[in-house]
Each structure stands twice: as structure tokens, then as C-alpha cells.
Amino acid sequence: MLNAQSLTKKVSTAAGELIILDEVSLQLQAGDSLAITGASGSGKSTLLGILAGLDEPTSGKISLHQHELTELGEEGRAKVRAAHVGFVFQSFQLLPGLTALENVMMPLELHGIDNAKGKAEFFLTRVGLNKRLDHYPQQLSGGEQQRVAIARAFASEPDVLFADEPTGNLDSATGAHVIELLFELNREQGTTLILVTHEQRLAQHCQQRISLEAGKVVERVCEQGVALSEVG
């Protein structure tokens with residue numbers, strides 16, 4: 001499903017070359033889940049963006065659903081994202097002038113998916129918002145807005161879902177509910193789930209975890225709970 005080999009990202013600064021990612025490799029199958037953890041500035045979001053085809057590595061290769069992203073231009077990567085990728089962000093990114101139902105319907109309609117309304121209603125009901133379909137984002141709590149964002153992401157039935165700090169703006173109880181929803185839908189839909197998070201309770205739900213430090217993988221944890229140090 002997703003295979004990344006020796007991803008490196010370097011940028012030039014006034015002080016010289018800065019290495020943001022340093023030879024990061026990983027492999028995921030359909031339905032797998034991965035948490036990317038580490039301190040602020042460790043390269044987590046950069047890695048997420050490169051894996052999703054939003055950014056390009058300086059070197060290395062990425063294969064996503066049999067597409068070599070590193071051999072494609074922006075237009076090609078955009079087509080792959082449209083066909084195979086979904087996103088959930090910390091800031092929800094809902095359109096304020098659209099209702100919850102319309103926010104979920106819009107990307108489905110843009111991609112020409114049949115019965116966009118029915119599909120949007122199904123996923124909003126699945127996340128417990130069947131009574132809030134006609135509410136606008138400003139009429140919803142933070143947790144409800146994030147549930148709309150989750151419904152929107154899963155409604156397009158992506159092969160891979162990328163989530164960047166999906167509980168970062170939520171209180172503990174609401175965050176726990178959002179985590180439960182993410183992994184329930186991950187299991188039901190067979191979607192590969194890749195998360196960036198500071199929260200250990202979220203990371204521990206994933207089958208695999210990698211920890212970054214200064215752009216380098218310093219630890220991997222597999223489903224069996226075996227931690228492997230990668231520096232020394």
C-alpha cells in the first residue's frame with residue numbers, strides 16, 4: 001500500500017544546509033495504522049506531507065497504491081491524492097458557509113461520486129451527527145466539528161487516511177471519543193491510517209509507531225510491542 005525508502009529532506013538556510021528528514025524508511029499494508037511521534041520540530045509534519053504527496057523529498061522514493069510519487073509532478077500527485085488519500089487536520093478545515101451535510105457532500109460531488117447526499121448522511125450518522133446535519137460549523141462544538149471532518153474524510157473511501165494532530169484542539173474526553181471513532185472506521189473500512197500526534201494514548205492505538213528526533217527515526221515499535229532503537 002505505502003512504501004517509503006530513505007526519505008531525506010534538506011533545505012538551505014543562512015546558517016547552511018538544514019536536514020529536516022534523514023533517511024526515513026517505512027512500509028505499510030492495507031488497513032495498517034502508524035503513529036509518527038516526536039517533539040516539535042522533529043520532522044513529523046514534514047514526513048506526513050511527503051508521504052501524502054503534498055511535498056517532495058530531496059532524495060528517496062515513495063510508492064503509494066502502486067504509484068511512484070517521487071516520479072510524478074504536482075499535477076500527477078494531486079490525481080493520486082484525489083483517488084486514494086483522505087485528510088483529517090487539527091484545525092478541522094470546514095467551510096463556514098456550508099452545513100455539516102454540505103461540508104461532507106462537497107468533495108464527493110466534486111469527484112462525481114453518485115448519491116453524494118446519501119453517502120454523506122450515512123457517515124455523519126456513523127459519527128453520531130444525524131441530528132446536526134443542517135448545522136453550520138459555528139453552531140457545532142470542537143468535537144462535533146472534528147467528527148464532521150472525520151466523516152468527510154472517510155466518505156470518500158480513501159485507501160490511506162492522513163491525520164495531523166487530530167485531537168490537538170480537543171479536551172481529553174472529546175479527544176478520546178474522536179480516537180475511538182477513527183479506529184472504528186479504520187477497521188470497518190480497511191483504510192490505512194497514518195497519524196502525527198503528541199498524544200501517547202492515540203499513538204498506542206496504532207499497530208506501528210515511529211519516533212523522530214532531528215529528522216531521524218530513533219525508535220520503532222511494532223504491533224507486538226517490541227521497541228527497536230535505531231541510533232547508537
Side-chain angles (χ1 to χ4, degrees), residues 2 20-21 28 33-56 64 69 74 77-78 80-108 110-111 120 123-124 126-129 132 135-172 174-186 189 191-199 201-203 205-206 210 212:
L2 189 146
I20 301 175
L21 289 178
L28 294 169
S33 56
L34 168 72
I36 304 169
T37 65
S40 296
S42 61
K44 301 188 303 299
S45 292
T46 298
L47 176 57
L48 191 78
I50 290 175
L51 293 174
L54 296 170
D55 193 7
E56 296 180 273
L64 174 60
L69 294 185
E74 172 51 35
R77 296 197 306 274
V80 173
R81 290 196 301 271
H84 301 291
V85 171
F87 295 95
V88 176
F89 299 98
Q90 178 177 346
S91 56
F92 317 138
Q93 297 197 358
L94 303 179
L95 295 176
L98 299 183
T99 65
L101 179 61
E102 291 166 342
N103 264 284
V104 179
M105 285 176 58
M106 186 184 71
L108 301 177
L110 288 174
H111 293 139
F123 278 94
L124 284 166
R126 182 64 190 79
V127 300
L129 293 177
R132 310 286 272 173
H135 287 66
Y136 291 90
Q138 63 268 27
Q139 298 173 308
L140 301 173
S141 68
E144 289 171 331
Q145 290 184 60
Q146 190 60 297
R147 282 189 274 161
V148 174
I150 290 171
R152 180 181 59 189
F154 277 101
S156 62
E157 299 182 1
D159 295 299
V160 184
L161 178 63
F162 294 92
D164 193 355
E165 299 285 2
T167 59
N169 283 334
L170 306 176
D171 61 65
S172 179
T174 304
H177 182 56
V178 165
I179 291 169
E180 183 180 342
L181 278 172
L182 273 173
F183 285 93
E184 281 182 7
L185 289 168
N186 160 246
Q189 303 296 315
T191 304
T192 301
L193 184 59
I194 301 176
L195 307 164
V196 161
T197 185
H198 284 94
E199 293 195 49
R201 62 174 180 167
L202 176 52
H205 278 72
C206 292
I210 62 172
L212 297 181

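What you see is a predicted model; the values in this text were computed from it and never measured. Quick note: numbers below take in every heavy atom, side chains included, and nothing from hydrogens, waters or symmetry partners.
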Practice problem: Give the C-alpha distance, both sets of side-chain angles, the deciding distance and a yes or no for side-chain contact (heavy atoms from CB on, under 4.5 Å) between F162 and L54. | Solution: CA-CA 11 Å; F162 294 92; L54 296 170; over 6 Å; no
Quiz item: Considering only heavy atoms from C-beta outward, does the side chain of E165 approach that of K44 to under 4.5 Å?
Solution: yes
Practice problem: Before giving the answer on side-chain contact (heavy atoms from CB on, under 4.5 Å), spell out for R147 and H177 the whole-Å C-alpha distance, their side-chain angles and the decisive distance to 0.1 Å. | Solution: CA-CA 9 Å; R147 282 189 274 161; H177 182 56; 4.0 Å; yes
Quiz item: How many angstroms lie between atom OG1 of T46 and atom CD1 of I36, to the nearest 0.5 angstrom?
Solution: 10.5 Å
Quiz item: Of all heavy-atom pairs between L94 and P137, which one has the smallest distance, and what is that distance?
Solution: CB-CG, 3.9 Å
Quiz item: Tell me, do Q189 and P158 make a side-chain contact under 4.5 Å, heavy atoms counted?
Solution: no
Self-check item: Min side-chain heavy-atom separation P107-R152 under 4.5 Å
Solution: yes
Exercise. May I ask you to decide if A39's main-chain N or O and S42's side chain share a donor-acceptor pair within less than 3.5 Å?
Key: yes
Quiz item: How far does CG of L101 sit from OH of Y136, to the nearest 0.5 angstrom?
Solution: 11.0 Å
Quiz item: Is the backbone N or O of I210 less than 3.5 Å from a side-chain atom of T37, with the two atoms forming a donor-acceptor pair by type?
Solution: yes
Practice problem: Please answer whether the main-chain N or O of P166 pairs with a side-chain N or O of Q146 as donor and acceptor at a distance below 3.5 Å. | Solution: yes
Quiz item: Hey, what do you get for CD (E199) to CG (L170), rounding to the nearest 0.5 Å?
Solution: 8.5 Å
Exercise. Taking the side chain as every heavy atom from C-beta outward, state whether L64 and V80 have any pair of such atoms under 4.5 Å apart.
Key: yes
Self-check item: Smallest separation among heavy atoms of V148 and A100, with atom names
Solution: CG2-CB, 3.8 Å
Quiz item: Between R81 (side chain) and G53 (backbone), is there a donor-acceptor pair under 3.5 Å?
Solution: yes
Quiz item: Does S141 use its side chain to pair, donor to acceptor, with the backbone of E144 at less than 3.5 Å?
Solution: yes
Quiz item: Can you check whether S172's main-chain N or O pairs, donor with acceptor, with R201's side chain at less than 3.5 Å?
Solution: yes
Quiz item: In Å and rounded to the nearest 0.5 Å, what is the CD to NE2 distance from Q145 to H135?
Solution: 12.0 Å
Quiz item: How close do V127 and A151 get, heavy atom to heavy atom, and via which atoms?
Solution: CG2-CB, 4.1 Å
Practice problem: Look up atom OG in S156 and atom CG in L110, then write down how far apart they are to the nearest 0.5 Å. | Solution: 11.5 Å
Self-check item: Between CG on residue L202 and CG on residue L195, distance to nearest 0.5 Å
Solution: 5.0 Å
Quiz prompt | Heavy-atom check, side chain of L161 versus side chain of F154, under 4.5 Å | solution = yes
Quiz item: What heavy-atom pair brings N103 and L98 nearest, and what distance separates the two atoms?
Solution: ND2-O, 3.1 Å
Practice problem: Grab the two heavy atoms, one from T174 and one from G143, that are nearest each other, plus how far apart they are. | Solution: CG2-CA, 3.3 Å
Exercise. Begin from the C-alpha positions of L47 and V196 and carry the test side-chain contact (heavy atoms from CB on, under 4.5 Å) through to its verdict.
Key: CA-CA 9 Å; L47 176 57; V196 161; over 6 Å; no
Exercise. Grab the two heavy atoms, one from R132 and one from Q139, that are nearest each other, plus how far apart they are.
Key: NH2-O, 3.1 Å
Exercise. Using ring-ring contact (aromatic ring centres under 6.0 Å, His included) as the criterion, list what pairs up with H84, not counting sequence neighbours.
Key: H65, H67
Quiz item: Do D164 side-chain atoms and F89 backbone N/O form a donor-acceptor pair below 3.5 Å?
Solution: no
Practice problem: Step by step, work out the side-chain contact (heavy atoms from CB on, under 4.5 Å) result for L2 and I194. | Solution: CA-CA 10 Å; L2 189 146; I194 301 176; 4.0 Å; yes
